[in-house]
S.K.: 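The structure follows.
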Amino acid sequence: MINALRGMKDLTFEESQRFVHIVTTAIGIAKKYGYNYIETPILEETKLFKRSVGESSDIVGKEMYQFEDKGGNDVCMRPEGTAGVVRAFVQAKLDRRQNEKFKFYYYGPMFRYERPQKGRLREFHQFGCESFGEASVYEDFTIIQMIGDIFSALGIGYKLEINSLGCTECMPTYRQNLVNFLTECQDDLCEDCNRRISTNPIRVLDCKNEKCQSLLTDSPKLIDNLCDSCDNDMKKLTQLLETANIDYTINTNLVRGLDYYNKTAFEFVSSEIGAQSAIAGGGRYDKLVEFLDGKATPAVGFALGIERIMGIVKMPEVNREGYYLGAMDQEAIDALFPLASKKRLTNKVEVEYEPKKLKAHLKGADRVNARYCAVIGEDELKNGTIWVKDLVEKEEYTISQSVF
RNA sequence: GUGGGAUUAGCUCAGUUGGUUAGAGCACCAGAUUGUGGUCCUGGGGGUCAUGGGUUCAAUUCCCAUAUUCCACCCCA
């Protein structure tokens, strides 16, 4: 028997229904906010992710499905969705269309070569949105509100954490201050953090090591060192969230794992799903389009992890639907098919090919969750009729096959 | 990549201090005077006890390796 690869899962029955329900719900809401579907390739040049996600990130540093294709190209299975969408945006020259706004949603598989555990797979699926051309913090608010709408529609409780990562004006000064602070206490910081001081000092803030965290209580906080523009945006965002009754906490250590974020960063977390508690994350990335050779274009986006929320989605009740057709004698089986194709114009129909007793057919109708059980028995075959039972109302009647 | 737990029927799990035909519940199939379901009752089918080695007269049980999975670290959706 050949099994699926480690960290890769098949979804069937209830699980696949949950998956589809999440995606269709998210799509419905994204469309209400004016988003259009974008489909981009799963395979991209490795360079794309190195330049966008950042070489200092774990995702690029050690988790990529990277290989050389038969043409000698260095390629990667996408580890996240934003890079590909931005590449497509630039390639389609949408960055040249000044003052136009573009809003895209996508969903599909992402690949990271990690050790699997609950809520962490090697092939997993994200639903995401990217909004291009809108620099206003109102858009940051709107996108957070949209995610809130999606989780509400799915019956999922969450906590929202926000932070500001500053911009090219305030971040470099802050970064230097932080490096100075970290260098002073570097002997007490963990091995990873010592490495981060030179590669990506902001990530030190996110370190899970308790000793590091205790040292960081006195560290300079970016939120206290924002430039006027970033500070105003942050204040405006919190004000908008409060007016909209969206609860949030400011997490000054929320830095996001990907290098391209600036200004607003946010994360939705659930306490119901174990250690991998982030269910959606995103933020503003005003420099990424430029970074990928486009004209400077402000952008903000997010992704939510479909597998992460599959277990906590409240599924709508499934009602009995359609028809189950069966016969009690071999000679009557053929008569089922014209009836089935007629009914299928408007209904879900399942046909049993083996003759069975009435009781077995009723059970069969229950099993496929049909609303109606329709059976041709000895009498019905003789009279050209069909017996129909409404399994919800428990009403039954016999009618001519021609009016079925 | 590091550390720890797990793997027995389709599913959830017992069990064998190493011994001949490995159990339960659910699910499935079939009966219950032959045409009335989702609840009862009776019966039935279904397992290379994860895979590959090793120890032993004998391994599902002990040992090793591999795979998968779960938990933690790490990281992130």
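In what follows, chains carry the letters A, B, and so on, assigned in the order in which the sequence lines appear, proteins first and then strands, with residues in each chain numbered from 1.
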S.K.: Which of the following nucleotides, U69(B), C74(B), A77(B), is nearest to the side chain of K62(A)?
M.R.: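 Comparing U69(B), C74(B), A77(B) against the side chain of K62(A), the answer is C74(B).
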S.K.: Assess the residue pair S271(A) and K159(A) against the criterion (side-chain contact (heavy atoms from CB on, under 4.5 Å)); give the C-alpha distance rounded to whole Å, side-chain angles, the decisive distance to 0.1 Å, and a yes or no.
M.R.: CA-CA 8 Å; S271(A) 53; K159(A) 286 205 169 114; 5.7 Å; no
S.K.: Identify whether any heavy atom of A280(A) sits under 4.0 Å from a base atom; if not, whether one sits that close to sugar-phosphate; answer base, sugar-phosphate or nothing.
M.R.: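 Answer is sugar-phosphate: A280(A) comes under 4.0 Å of backbone atoms only.
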S.K.: Which nucleotide, G35(B), U36(B), C76(B), lies nearest any side-chain atom of A278(A)?
M.R.: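 Selected nucleotide: C76(B).
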S.K.: How close or far is atom C1' of U36(B) from atom CG of L362(A), stated in whole angstroms?
M.R.: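 After rounding, the reported distance stands at 5 Å.
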S.K.: Please report the distance separating the C1' of U8(B) from the corresponding atom of G4(B), rounded so that it comes out in whole Å.
M.R.: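 The same atom, C1', in both gives a distance of 22 Å.
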S.K.: Can you figure out which of G37(B), C76(B), A32(B) approaches the side chain of K357(A) most closely?
M.R.: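 My answer, after comparing the listed nucleotides, is A32(B).
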S.K.: Given the P atoms of C28(B) and C40(B), what is the spacing between them in whole Å?
M.R.: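 Going atom to atom, P in each nucleotide, I get 11 Å.
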S.K.: For RNA chain B, what residues of residues 117-125 of chain A have any heavy atom nearer than 4.0 Å?
M.R.: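 Under 4.0 Å from RNA chain B: Q117(A), K118(A), G119(A), R120(A), L121(A), F124(A).
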S.K.: Testing the basics here: between A370(A) and L391(A), what is the closest heavy-atom pair and its distance to 0.1 Å?
M.R.: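 Minimum heavy-atom contact is O-CD1, 3.6 Å.
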S.K.: Can you tell me if K363(A) touches the phosphate of C28(B), counting only side-chain N or O atoms and a distance under 4.0 Å to OP1 or OP2?
M.R.: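 Checking C28(B) against K363(A), no side-chain N or O comes under 4.0 Å of OP1 or OP2.
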S.K.: Give the ring-plane orientation class for F302(A) versus F127(A), where under 30° counts as parallel, over 60° as perpendicular and anything between as tilted.
M.R.: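 Tilted.
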S.K.: With P as the reference atom in both, quote the distance from U12(B) to U20(B) in angstrom, rounded to an integer.
M.R.: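 Result for the P pair: 28 Å, nearest Å.
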S.K.: What is the distance, to the nearest angstrom, from the NZ atom on K356(A) to the P atom on G31(B)?
M.R.: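 In whole Å, G31(B) P lies 11 Å from K356(A) NZ.
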S.K.: Whole angstrom is fine here: how far is it from CD in E267(A) over to P in C76(B)?
M.R.: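 Whole-Å distance recorded here is 9 Å.
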S.K.: Defining pairs by Watson-Crick or G-U wobble geometry with both distances under 3.5 Å, how would you list the stems of RNA chain B with at least three pairs each?
M.R.: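 Detected stem regions: B:1-7 with B:67-73, B:10-13 with B:23-26, B:28-31 with B:41-44, B:50-54 with B:62-66.
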S.K.: Between R308(A) and A4(A), name the one whose nearest nucleotide on RNA chain B is closer to the 5' end.
M.R.: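 Its nearest nucleotide being more 5', the pick is A4(A).
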S.K.: Within the structure provided, determine whether Y105(A) and N36(A) are in side-chain contact (heavy-atom separation under 4.5 Å).
M.R.: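 The answer is no; the side chains never approach within 4.5 Å.
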S.K.: Is the number of heavy atoms from other residues, nucleotides or ligands under 6.0 Å of E14(A) CD greater than 12?
M.R.: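 Not more than 12 within 6.0 Å, no.
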S.K.: Provide, to the nearest angstrom, the distance between the CD atom belonging to E393(A) and the P atom belonging to G37(B).
M.R.: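 Distance check: E393(A) CD to G37(B) P gives 18 Å.
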S.K.: Tell me: CD of E130(A) to C1' of A77(B), nearest whole Å?
M.R.: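 Atom-to-atom, E130(A) to A77(B), this comes out as 13 Å.
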S.K.: For K287(A) and E290(A), what are the C-alpha separation, side-chain angles and deciding distance, and is it a side-chain contact (heavy atoms from CB on, under 4.5 Å)?
M.R.: CA-CA 6 Å; K287(A) 294 291 162 204; E290(A) 251 178 300; 3.6 Å; yes
S.K.: Which whole number of Å gives the distance between the C1' atom of U21(B) and that of G15(B)?
M.R.: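 About 16 Å, rounded to a whole number of Å.
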S.K.: Between K9(A) and G282(A), which is nearer to the 5' end of RNA chain B once each is assigned its nearest nucleotide?
M.R.: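 Its nearest nucleotide lies further toward 5', so the answer is K9(A).
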S.K.: Between R6(A) and U69(B), is there a contact of a side-chain N or O with OP1 or OP2 at under 4.0 Å?
M.R.: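 For R6(A), the contact criterion (side-chain N or O under 4.0 Å from OP1 or OP2 of U69(B)) is met.
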S.K.: Applying a 4.0 Å non-hydrogen cut-off, can you work out what E378(A) is touching in the nucleic acid: base, sugar-phosphate, or nothing?
M.R.: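 Base: the residue E378(A), judged by heavy atoms under 4.0 Å, touches a nucleobase.
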S.K.: If you measure from the P atom in C11(B) to the same atom in U69(B), how many Å do you get, rounded?
M.R.: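 Nearest-Å result for C11(B) against U69(B) at atom P: 15 Å.
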S.K.: Do K342(A) and F404(A) form a cation-pi contact, if we require the NZ or CZ to be under 6.0 Å from the six-membered ring centre and within 45 degrees of the ring's axis?
M.R.: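 No, K342(A) and F404(A) do not form such a contact.
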S.K.: Establish, for the pair R78(A) and F49(A), whether the NZ or CZ atom is under 6.0 angstrom from the six-membered ring centre and no further than 45 degrees off its axis.
M.R.: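 No - R78(A) does not lie over the ring of F49(A) by the 6.0 Å and 45° rule.
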S.K.: Is the F268(A) ring parallel, tilted or perpendicular to the F266(A) ring (thresholds 30°, 60°)?
M.R.: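 F268(A) vs F266(A) ring planes: perpendicular.
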S.K.: Counting any heavy atom closer than 4.0 Å, what does R112(A) reach on the DNA or RNA strands: base, sugar-phosphate only, or nothing?
M.R.: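 Result for R112(A) = base.
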S.K.: If I pick the P atom on U7(B) and the same atom on U51(B), what distance separates them, to the nearest angstrom?
M.R.: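 Rounded to whole Å, the distance is 13 Å.
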S.K.: For a quick test of reading the model: is some side-chain N or O of R115(A) closer than 4.0 Å to OP1 or OP2 of G3(B)?
M.R.: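 No, outside the criterion.
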S.K.: Looking at the side chain of R367(A), which of U69(B), C28(B), G37(B) is the nearest nucleotide?
M.R.: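 Comparing U69(B), C28(B), G37(B) against the side chain of R367(A), the answer is C28(B).
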S.K.: For the residue pair F89(A) and F132(A), does the interplanar ring angle fall in the parallel (under 30°), tilted (30 to 60°) or perpendicular (over 60°) class?
M.R.: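 Taking F132(A) first and then F89(A), their aromatic rings lie parallel (interplane angle under 30°).
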S.K.: Using the six-membered ring wherever Trp is involved, compare the ring planes of Y285(A) and Y261(A) and label them parallel, tilted or perpendicular (cut-offs 30° and 60°).
M.R.: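 Rings of Y285(A) and Y261(A): perpendicular, as their planes differ by over 60°.
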S.K.: Roughly, in whole Å, what's the span from CG in D366(A) to C1' in C28(B)?
M.R.: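 About 15 Å, once rounded to whole Å.
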S.K.: Indicate yes or no: does R18(A) engage E15(A) in a salt bridge with an N to O separation below 4.0 Å.
M.R.: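 Not counted as a salt bridge, because no side-chain N and carboxylate O are separated by less than 4.0 Å.
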S.K.: When you compare U39(B) with U16(B), how far apart are their P atoms, in angstrom units rounded to a whole number?
M.R.: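 Straight-line distance between the two P atoms is 34 Å.
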S.K.: Determine: side-chain N/O of K359(A) to OP1/OP2 of G37(B), distance under 4.0 Å, yes or no.
M.R.: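 For K359(A), the contact criterion (side-chain N or O under 4.0 Å from OP1 or OP2 of G37(B)) is met.
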S.K.: Using a 4.0 Å heavy-atom cut-off, does E396(A) contact any base of the nucleic acid, only the sugar-phosphate backbone, or nothing at all?
M.R.: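 Base contact - E396(A) has a heavy atom under 4.0 Å of at least one base atom.
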S.K.: Could you tell me how far A14(B) sits from U2(B) if I compare only their C1' atoms? Round to whole Å.
M.R.: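 U2(B) and A14(B) have their C1' atoms separated by 34 Å.
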S.K.: Mind calculating the distance between CD (E380(A)) and P (U36(B)) to the nearest angstrom?
M.R.: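 Rounded to whole Å, this separation is 13 Å.
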S.K.: Any base atoms under 4.0 Å from L391(A), or only sugar-phosphate, or nothing? Heavy atoms, all strands.
M.R.: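 Result for L391(A) = base.
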S.K.: Please give, in whole Å, the distance from A50(B) P to N3(A) CG?
M.R.: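 Roughly 14 Å, once rounded to whole Å.
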